[in-house]
Asker: 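Handing you a structure now.
By convention here, the first residue in the shown sequence is residue 1.
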Amino acid sequence: MRKVVVYIAMSLDGYIAKTGDDLSFLSIVEQKGEDYGYSAFIKTVDTIIMGRKTYDWVMKQVSEFPHKKQTYIITRAPRPAINNVEFYSGSLNDLVHALKQKEGLNIFVDGGAQVINELMQHQLIDEFIISIIPCFIGEGVRLFKDGRPEQIMELVSAKSFPSGLVQIHYRTKA
């Protein structure tokens, strides 16, 4: 069965963005030739779920959407599809259940915090791969919000890198 996997980076104090959706802190760990396993990870997925704010941020950085895989942008304001990008305004819960029933590779949740936390409310995330950036931000967009159900996780792996980045991989415990 397909898994729903969050692959994301956060500060040591749990933020995925500074105030104003500033992601500049990610550059602290940029090193030539190091992608922290992203290339291998992206080969394991064929579907991407992304929040509209994350999509808008990505599109300000690039001229063409970087993912060639089927992508669902979660939004309240429907728009026409653009190639493999569908703007989805229905129930996120229904979308994930439908996607998990289809044959295919894993489903990558590429942010943002609102989408991740909604999926956590329904316990729909199977794995978390979180890269911890060695800095404290102090305020901004928190990865995890309060009020979600308790979930017990099982460690798959933990890796440290010379840049100071630590990547932890957990899956939900059956």
Asker: V58, I49: one ILVMFWY side-chain cluster at the under-4.5 Å cut-off?
Answerer: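 As far as the 4.5 Å side-chain criterion goes, I49 and V58 are not connected within one cluster.
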Asker: How far apart are the C-alpha atoms of M153 and T172, what are their side-chain angles, what is the distance that settles it, and do they pass the side chain to side chain contact (heavy atoms under 4.5 Å, CB included) test?
Answerer: CA-CA 5 Å; M153 306 302 293; T172 54; 3.9 Å; yes
Asker: Please name the pair of heavy atoms, one in S163 and one in Y36, separated by the smallest distance, quoted to 0.1 Å.
Answerer: OG-OH, 2.8 Å
Asker: Which pair of non-hydrogen atoms, one from G51 and one from V115, has the smallest distance, and what is that distance?
Answerer: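 Of all heavy-atom pairs spanning G51 and V115, the closest is CA-CG2, 3.7 Å.
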Asker: With a 6.0 Å cut-off (strictly less than), is the heavy-atom count around CD of Q61, excluding the residue itself, greater than 12?
Answerer: yes
Asker: Using the rule given for side chain to side chain contact (heavy atoms under 4.5 Å, CB included), can you reason through R171 versus K3, listing the C-alpha separation, both sets of side-chain angles and the distance that settles it, and then say yes or no?
Answerer: CA-CA 10 Å; R171 71 176 144 236; K3 294 184 219 160; 5.5 Å; no
Asker: According to a hydrophobic-cluster definition based on side-chain heavy atoms being under 4.5 Å apart (Ile, Leu, Val, Met, Phe, Trp, Tyr only), do F128 and L165 belong together?
Answerer: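 No, because F128 and L165 fall into different hydrophobic clusters, even though each may have its own neighbours under 4.5 Å.
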Asker: Side-chain contact test, heavy atoms from C-beta onward, threshold under 4.5 Å: evaluate it for F161 versus V29 and give yes or no.
Answerer: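 They are not in side-chain contact.
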Asker: Salt bridge or not between D56 and R52? Use side-chain N to carboxylate O under 4.0 Å.
Answerer: yes
Asker: With rounding to the nearest 0.5 Å, note down the distance linking CD1 in I28 to CG in L26.
Answerer: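 Answer for the CD1-CG pair, I28 versus L26, is 8.0 Å.
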Asker: Quick one: does L105's side chain get under 4.5 Å of T44's, heavy atoms only?
Answerer: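 L105 vs T44: side chains apart.
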Asker: Could you pull out all residues at least two apart from R2 that satisfy side-chain contact (heavy atoms from CB on, under 4.5 Å)?
Answerer: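 D46, T47, L99, K102, I107.
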Asker: Identify whether V45 and I129 are in the same connected component of the hydrophobic contact network (ILVMFWY, side-chain heavy atoms under 4.5 Å).
Answerer: yes
Asker: Any side-chain donor-acceptor pair under 3.5 Å between Y55 and T71?
Answerer: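 On atom types as modelled, these side chains do not qualify, holding no pair under 3.5 Å.
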Asker: Which atom names give the shortest non-hydrogen contact between V4 and L124, and what distance separates them?
Answerer: CB-O, 3.3 Å
Asker: If only atom types and distance count, is the side chain of N84 paired as donor or acceptor with the main-chain N or O of K69 below 3.5 Å?
Answerer: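 Yes: the side chain of N84 pairs with the backbone of K69.
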Asker: Could you state the interatomic distance from CG (L12) to CD1 (I133), rounded to the nearest 0.5 Å?
Answerer: 10.0 Å
Asker: Would you call F108 and V5 a side-chain contact if the rule is heavy atoms closer than 4.5 Å?
Answerer: no
Asker: Answer with yes or no whether the hydrophobic clustering places F144 together with I152; edges join I, L, V, M, F, W, Y residues whose side-chain heavy atoms lie under 4.5 Å apart.
Answerer: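 No, F144 does not connect to I152 through the hydrophobic network.
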Asker: What class does the angle between the rings of H67 and F65 fall in, given that below 30° is parallel, 30 to 60° is tilted and above 60° is perpendicular?
Answerer: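 Plane angle over 60°, so perpendicular.
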Asker: Which atom pair, heavy atoms only, marks the closest approach of A17 to L23?
Answerer: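 For A17 versus L23, the nearest heavy atoms are CB-CD2, 3.6 Å.
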Asker: Between Y7 and Y38, is there a donor-acceptor pair closer than 3.5 Å when you use the side chain of the first and the backbone of the second?
Answerer: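 Yes, Y7 side chain to Y38 backbone: donor-acceptor pair under 3.5 Å.
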Asker: Shortest non-hydrogen contact from I16 to A113?
Answerer: CD1-N, 3.7 Å
Asker: Counting only heavy atoms not in K145, do more than 12 sit closer than 6.0 Å to its NZ atom?
Answerer: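 Yes, enclosed.
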Asker: Just verifying a value: how many Å separate E127 CD and H169 NE2, rounded to the nearest 0.5 Å?
Answerer: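 Spacing of CD (E127) from NE2 (H169) equals 3.5 Å.
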Asker: Are I116 and V96 connected, step by step, through hydrophobic side chains (Ile, Leu, Val, Met, Phe, Trp, Tyr) whose heavy atoms are closer than 4.5 Å?
Answerer: yes
Asker: Assess the pair Y15 and F25: is the distance between their ring centroids shorter than 6.0 Å?
Answerer: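 When the ring centroids of Y15 and F25 are compared, they turn out to be at least 6.0 Å apart.
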Asker: Looking at Q70, I want to see if its CD is surrounded by more than 12 non-hydrogen atoms of other residues, nucleotides or ligands under 6.0 Å.
Answerer: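 Yes.
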Asker: CD1 of I73 to CD1 of I82: how many Å apart, nearest 0.5 Å?
Answerer: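 Going from the CD1 atom of I73 to the CD1 atom of I82 covers 9.0 Å.
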Asker: So how far is it from N106 CG to K100 NZ, rounded to the nearest 0.5 Å?
Answerer: 9.5 Å
Asker: What distance do K68 atom NZ and I42 atom CD1 have between them, rounded to the nearest 0.5 Å?
Answerer: 12.0 Å
Asker: Do the side chain of D13 and the main chain of G138 share a donor and acceptor less than 3.5 angstrom apart?
Answerer: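 Here the side-chain-to-backbone pair exists.
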Asker: Is it the case that the side chain of D21 and the backbone of G140 share a donor-acceptor pair, with hydrogens and angles ignored and the cut-off at 3.5 Å?
Answerer: no
Asker: Over all heavy atoms of both residues, which pair between H97 and Q101 is shortest? Give the atoms and the distance, please.
Answerer: O-CG, 3.1 Å
Asker: Classify the side-chain pair N93/S91 by whether it contains a donor and acceptor separated by less than 3.5 Å.
Answerer: no
